[in-house]
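The block underneath contains the structure these notes are about, expressed in structure tokens.
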Amino acid sequence: MTDDQQRFEPRIVGFLCNWCAYSGADLAGVSRLQSAPNVRILRVMCSGRVDPSFVFRAFQLGADGVLIAGCHPGDCHYQEGNHKALRRVLLLKRILRGFGVDEHRVRLEWISASEGEKFARVSTEFTEEIRSLGPLPLENGRLLHLPADEPSPVLAEVAG
Amino acid sequence: MSQNGQVRTGVYICHCGVNIAQTVDCAAVRDHAARQPNVVVARDYKFMCSDPGQQMIRDDIQNHKLDRVVVAACSPQMHELTFRHACEEAGLNRYLFQMANIREQCAWIHQNRAQATEKAKALVGGAVRRVTWHRPLEPRVEQVNPNVLVVGAGIGGIQAALEMAEAGREVYLVERESTIGGQMAKFDKTFPTLDCASCILTPKMVSVSHRKNIHLLTLSEVTRVDGYIGNFTATIQTRPRYVTDRCTACGECVKVCPVSVPNWFDEFRSTRTAIYKSFPQAVPNSFLIDKQDRPPCKEACPIGQEASGYIALIRAGKFAEAIRLIRQKNPLPAVCGRVCYHPCEGQCNRGYVDKPLAIQYLKRFAADWEMAHASEIEPPVPAEKHEEPVAIVGSGPAGLACAHDLALAGYPVTIFEALPVAGGMLAVGVPEYRLPKQLVNFEIDYIRRMGVDILTDRRLGRDFTLPQLFGQGFKAVFVATGAHQGLGLGAPGEEAAGIVQGLEFLRITKCAAPMAVGKRVAVVGGGNTAIDCARTALRLGAEVTILYRRSRDEMPALPEEIADAEDEGVVIRYLTAPVGVVQQDGRMRALRCVQMELGEPDASGRRRPIPVAGSEFEMKFDTVLLAIGQRPDLDLAAAAAAGINQARNGTLKVHAETLETGMPGVFAGGDACLGPATVIEAMGMGKRAAESIGKYLRGEPLEHYTTQMVSPGYRRPESCRPHAYAPLYKDTERRERVPMPKLAAAERKTDSREVDLGYSEEEAVREASRCLNCGLCVECLECVRVCEPGAVDHSMIPESIQVQVGQILLATGYRLLDASPMVHYGYGRLENVRTALEFERMLSSTGPTGGKILLENGEEPRAIAVIHCVGSRDENYCRYCSRVCCMYALKFAHLVKDRTHAEVYNFYIDMRAFGKGYEEFYSRVLDEGMNLIRGKVAEVVRASRSLREAGHLLVRCEDTLIGRFREVPVDMVVLCNAMQPQRDVEAVQRVFGISRSPDGFFLERHPKLDPVATTTDGVFIAGCAQGPKDIPDTVAQASAAAARMLATISKGVVEIDPVRAEIDERYCSGCRICNNLCPYSAIEYVEDQNVSRVNAALCKGCGTCVAACPAGAITGYGFTDQQIDAELEGVLGV
């Protein structure tokens, strides 16, 4: 890890569903489980509400990573919203790859209302993962070019 | 993103005492907030949720003309409602408010003050930007259905139900078991007052049964819940009790039930019969029958005969009842007991252990017993009488069975039989030594006595036609003419004399005079007909050779028939087929045959025989009997015009279920449709035809049949044990199948006496006792016979109903941890190691020992150990404390001292005596001289040195108060198992849409302030379903939940947050992507306008469609795209 990375504090946005993940995060708080302070949470009613364009917007506004957390499959308060979230995230990751954004910057987790420990662990782990990935190379809302000797991931996506 | 004009926002940072302020610099956050766009007021205060805090907001709204409010404090799940109401009281729409969670999701989880403060600033910034995009909304007001659903009828459910019923509400009380009362009904005495549990519980149970407004549904479970608070629709499945409410609980049925299984209520330490009542004071006060999977013997039988039923009766020595049961379905028991191909035995589960039950031999035994003991059995009198006469063509098993059933239903029946004798193949096809004429006539006479006319020498086509029958006044016809025409060889020369159809040979020999067949006889074929021909020819003095073109494995004849034939001296040549006849003067002299070998399987799945080139040889015979296949000998030239279709092989085509032919009013069955098949299949079709004809004549639709008609391909499901209470097949003791006594082989050739002699009574009972009672209830129908009020109804089926309720209470209770994996305690392995519930049953006067404390060998114990914390407070099992065990352990100690002279040792870790009167009880019990040892028990072992020595148990632990290792000898160990959530708690959680806490019990809305509500509005929890607790606390929670529900009902309406979706039709292109995404089908497509539209009443506001709309045409109120975008800006802006 370079000095740059050691000083680098990731900024992570979390979309948490009201019924499971948000309650799980509250439980982590009630249990005083300490975790990294890098995750800023937005509450939505269901992980199915998360439009993939929110993720792009978050990156555009300066987020280095985005966490989406919903109920476990089968437990969604609205039956299957989390299934839709899963489908979208899979497609989203492919598109991000095409843009040259490391797909690990988006993470989908299933966290139930009783999984305070899991929420705390995921927050901290994800923060460290983003820290090692480094800041999202963005300047004035545009993705910076990659070093010249690396093949363009866009070409790889299209050719591959 | 442009800001929204004139918005005036007030921001309030809460210290929450030191909870937030200790970690977050609230003043800095306040100052940061003050600099945010549109913020006109920013304050911080110690307790925003307190009265002064809320007043501050109200004053600022008035004085500063605020139109948006942000509070940064605890979780919105905690206080969003509080602050919304504060806004509303000051005249601001409650939805123009946003909370930032800087306590649970900031101050409480970070330690670095700088970082926590930065994060808090970001969260506040997000809230401030978001709230500018809030719009005033009105909550939805819905009526509350005053009915309630209570799930679980233990003491908690009963208490809540009674309180709500008392207030005049309709209560649906659903209980999974057959009786209400839950676990408390199993207890003997309750701590600390030592009240008898039944004495305080049963009056409440009786109240439940008396109250008209409590709708009690036992043996029921809620399988689905739709809707929302105030308007739930619950689907409830009820298992059949098989006993109606005419039951007077007299108990006569128990005396005659032959089945015995472990009793769940006594923790499996006693037995009960298949028809039973859980315990004497059960509510509803009615018996029920435990039926598990349908036994494969009944499922495989083409007439659905209850083999396990009559076998159980034979085993109990009730032979008259056995034959009576058989005759309810089967009019030809003596016949079936001799010639049936017994598909039941092929599927008998005993086959997994050793050999299948000899079901056929037992049926024969019952039939023979009847003939020996009752010279004439009277057929039952039909319940109704009908006028419409029915004609049956053919008096074989299909025709006879059809006639029997129709006569029983009250119809006049006439059978037209082509031959001079009645019985079809039974009379002319099966040889005397297998099925004596006298028997067949006996059974046919029974049917005649039911009023059935049998006219012989009447052949269809020659003497009458089908239209003529209708002309004579018959209203329906059943054609069951069989398949009496033998197939030819298809070889040159077969028209020579000496080549005879096997069927013709059998018929002439049995009904007229024995045919002269000479010394050397060949039989061509490998089925039962071929074997019958061979053994009959043998009895006429010939040397018999069977020529079969495949190998022994492919021979379709019954294995026991083949074995009998070989015992008698029949020679079987396999892989041999005749290809031509050598004749002289028109008479056959020899057969030219060829050797065969087996090639690839053909359409029937058997390997195709292929002639071996150059292997031809000749064999000299006097007579050749052909038994290579049969077809119907019907000539229905006019039939095709009338609508009856024949297949290429001459069989009649019928509708698979109704047995209708194409001709109206004409049904068909038996070999005439199946080709050469079996007696029992023919009977099955005959009985189905009778039911079909009955419906036809009464003008009813031809559907929903009760007669079974099983295809030969039935295969029993895989299993490892016959029913839930039985040992595994591999653990079941092997026993020899009782062989059928037979006439010695040497004696058989001289005459046509029956070869099989039949079981003696002792043999029959011995064989019957091998039956495993696969269905648990064996359907012997003895209970029906002895029930005077006629309350037993074996045909009951599961039911499903839907109820509309406004609120739901879950009081589903607990189960005890299974201690078997804790091998060091020896539960399930050592004798006299019990769980607490088992010990309760032992103490109870209605339990297996009548209230006496006894060891397995019946003696009184000299010393008992009670081990606390078995699985509780244990990292490996349950981390929590089960709360009640210390107290009931003390109760046990007291009762042991009270009833026996035994010493009692309680092994505890901490003593928890927290309730009212508990500490006093503890002192009192101590004074009675019990022994308390502080130390978690390490292991329980046998004191004896070898397994052969009977011995007591040793409890080993460290006595931590004296710091020494101890071994305490005792006779019995009682474990205080941890209380756990019910086994299916995950499935139940999903049905009701609630969460669980980390310990697995249902999650309450707030552990301190709201223990009976859940985060799902309208669903409440009470009792041990929420966490381990004793009876007083369960009752308190149940009453609390009842009060909450009654309060909502008395308000009459609920307000539901208007979080929902709405489609802006200007932007909707009618792409319909959203339509299928909605789990509530709340989006409809308006065809003539080519737009989609959300039904506001059905929409629950998940937002899935909002995210999916490619045009962004859907607004998700409360969570719009602009609001979320603004929040992102704020949260990342720092």
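Convention: sequence-line order gives letters A, B, ...; per-chain numbering from 1.
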**OP:** Evaluate whether atom CD of A:E117 has more than 12 neighbouring non-hydrogen atoms of other residues, nucleotides or ligands under 6.0 angstrom away.
**Re:**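 Atom CD in A:E117 is not packed in, count stays at 12 or less.
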Original post:
Does a sphere of radius 6.0 Å around CZ in B:R879 hold more than 12 heavy atoms from other residues, nucleotides or ligands, not counting ones at 6.0 Å or beyond?
Top reply: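 Check fails, neighbour count at 12 or below.
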Contact origin within [X] toward chain B - heavy atom pairs under 4.5 Å:
| X | value |
| --- | --- |
| A:L33 | backbone |
| A:A120 | neither |
| A:S112 | neither |
| A:V13 | side chain |
| A:R88 | side chain |
| A:N18 | both |
| A:F15 | side chain |

**OP:** Can you label the angle between the A:H77 ring and the A:W19 ring as parallel, tilted or perpendicular, going by 30° and 60°?
**Re:** parallel
Can you tell me which portion of [X] sits under 4.5 Å from chain A's heavy atoms? Options are side chain, backbone, both or neither.
| X | result |
| --- | --- |
| B:N112 | neither |
| B:R990 | side chain |
| B:A107 | neither |
| B:D1057 | neither |

Find the one option among [options] whose heavy-atom pairs under 4.5 Å with chain B are most numerous.
| options | value |
| --- | --- |
| A:G62, A:A63, A:G81 | A:A63 |
| A:S31, A:S35, A:C46 | A:S35 |
| A:G74, A:S53, A:S47 | A:G74 |
| A:C17, A:A25, A:C20, A:C71 | A:A25 |

Subject >> Exercise: identify the closest heavy-atom pair between B:G1118 and B:L137 >> reply: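 That closest heavy-atom pairing would be N-CD1, 4.4 Å.
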Subject >> Nearest atoms (heavy-atom pairs only) where B:P76 meets A:Y22 >> reply: CD-OH, 3.2 Å
**OP:** From the options A:L108, A:L86, A:N82, A:L16, select the one residue that forms a side chain to side chain contact (heavy atoms under 4.5 Å, CB included) with A:I68.
**Re:**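 Per the side chain to side chain contact (heavy atoms under 4.5 Å, CB included) rule, the option paired with A:I68 is A:L108, out of A:L108, A:L86, A:N82, A:L16.
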Subject >> No-hydrogen, no-angle side-chain donor-acceptor test under 3.5 Å, B:R130 and B:H134 >> reply: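 Yes.
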**OP:** Test B:Y228 against B:T1016 for side chain to side chain contact (heavy atoms under 4.5 Å, CB included), laying out the working first.
**Re:** CA-CA 9 Å; B:Y228 48 89; B:T1016 304; over 6 Å; no
**OP:** Assess the pair B:Y95 and B:Y1117: is the distance between their ring centroids shorter than 6.0 Å?
**Re:** no
